[in-house]
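Structure first, then comments.
Note that ligands are numbered from 1 as they come in the structure, with each ligand's atoms numbered from 1 the same way. Just so you know, these numbers come straight off a predicted model, no measurement behind them.
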Amino acid sequence: MKLERTKQDYGTNPLKVRDTNHYQAEYIQSFVEKWDELIDWDGRAQSEGDFFMQLLEEHGARKVLDVATGTGFHSVQLLRAGFEVTSADGNPVMLAKAFENARRNEKILRTVQADWRWLNRDVHDYYDAVICLGNSFTHLHDENDRRKALAEFYATLRHDGILILDQRNYDAILDHQIAPTHNYYYCGENVRAQPEHVDDTLARFRYEFPGDHVFHLNMFPLRKEYTRRLLHEVGFQRVTTYGDFKETYRDEEPDFFIHVAEKS
Ligand code: SAM
């Protein structure tokens, strides 16, 4: 019988774990099962509205690659809205959950298990848009991995394609040691998500669920201007940054930034 791990393994010194490959050990079955309590699909759909769909439509995008499918929220939303979607993720547990969630919503996901750093080894098609949402890019702890992943996203886009990539507002956390208050992504009512440790190369967040279920994620705290610079450096011509689904924002306020990077 295969034994399933119910606790994440961060070893004896969790603050030392700053490894791009570690996402596989973080998204274990028991955490993945809780993920939808954390993100609460209905609450999220309400706060996002049709922000992403409008962006895609403005750019004439119909064929979309969701590279951070997770449990499938955006893939399912986009399929429902009539987009053609391929759903990729490096973590097989997440992909299986996404497939199950889509089935419950009467949709069949076209899934590909692929690590971003070698995306084009497994994805052999071109897309109008790549989406990397839900603060996923933060899982890359090494600058080479970030460059490699962005180059792979760039390569799978058609000549006029766009990348939509979001990130938590780490500037506010790093500069003021505060976590912005509003919760657009993590909307679950009984779930507490908070930073437990923050330094220049690590943001360790704690996720607490009813019944004393506690999980962590060790992430790289991306600064907004740094991400924008990387996007330009891999070849994107124009990068527009939104705050919490709005174009006008004051730097310290938003919880999330959403970058739209245009290839031409
Ligand atoms: N987009 C989903 C959402 O908003 O609910 C999931 C977000 S979750 C924070 C991050 C996802 O990125 C996980 O499903 C994880 O497996 C995936 N991921 C992290 N690093 C990855 C990598 N190097 N290659 C492929 N997928 C990765």
Worksheet item: Which of these, Asn91, Asp89, Asn218, Asp115, sits in a side chain to side chain donor-acceptor pair (under 3.5 Å) with Tyr23?
Response: Asp115

Worksheet item: Can you find an N or O of Val67 that's nearer than 3.5 Å to an N or O of ligand 1?
Response: no

Worksheet item: What do you reckon, does Thr71 have a nitrogen or oxygen under 3.5 Å from a nitrogen or oxygen of ligand 1?
Response: no

Fill in: Option nearest atom 26 (N) of ligand 1 (shortest heavy-atom distance, choices Ala114, Gly90, Ala98, Ala68)
Gly90

Discussion item. Would Arg146 pass as a cation-pi partner of Phe220, given that its NZ or CZ must be under 6.0 Å from the six-membered ring centre and within 45 degrees of the axis?
Written reply: yes

Item to complete: Would you mind checking if Asp199 and Arg18 are paired as a salt bridge, meaning a charged N to carboxylate O distance below 4.0 Å?
Response: yes

Discussion item. With side chain to side chain contact (heavy atoms under 4.5 Å, CB included) as the test, pick out the partner of Tyr170 among Val198, Asp175, Leu222.
Written reply: Leu222

Worksheet item: Is there a nitrogen or oxygen of Trp35 sitting under 3.5 Å from a nitrogen or oxygen of ligand 1?
Response: yes

Worksheet item: What are the atoms of ligand 1, with element, lying closer than 4.0 Å to any heavy atom of Asn91?
Response: 16 (O)

Worksheet entry | Short N-O contact, Glu84 and Arg62, less than 4.0 angstrom | no

Discussion item. Does any N or O of ligand 1 fall below 3.5 Å from an N or O anywhere on Arg44, backbone included?
Written reply: yes

Worksheet item: Which of the listed options, Tyr23, Phe73, Tyr27, Trp116, holds the heavy atom that is closest to atom 12 (O) of ligand 1?
Response: Trp116

Practice prompt. Report yes if Leu140 has an N/O atom closer than 3.5 Å to an N/O atom of ligand 1; otherwise report no.
Written response: no

Response to the item:
Cluster membership besides Leu15, Ile/Leu/Val/Met/Phe/Trp/Tyr side chains within less than 4.5 angstrom, sorted by chain and number, is Leu202

Worksheet item: Just which atoms of ligand 1 are under 4.0 Å from any heavy atom in Gly134?
Response: 4 (O), 7 (C), 9 (C)

Worksheet item: Got a sec, which residues hit ring pair (Phe, Tyr, Trp, His ring centres under 6.0 Å) with His22, two or more places apart in sequence or on another chain?
Response: Tyr10

Practice prompt. Of the side chain and backbone of Leu133, name the one, both, or neither that has a heavy atom under 4.0 Å from an atom of ligand 1.
Written response: backbone

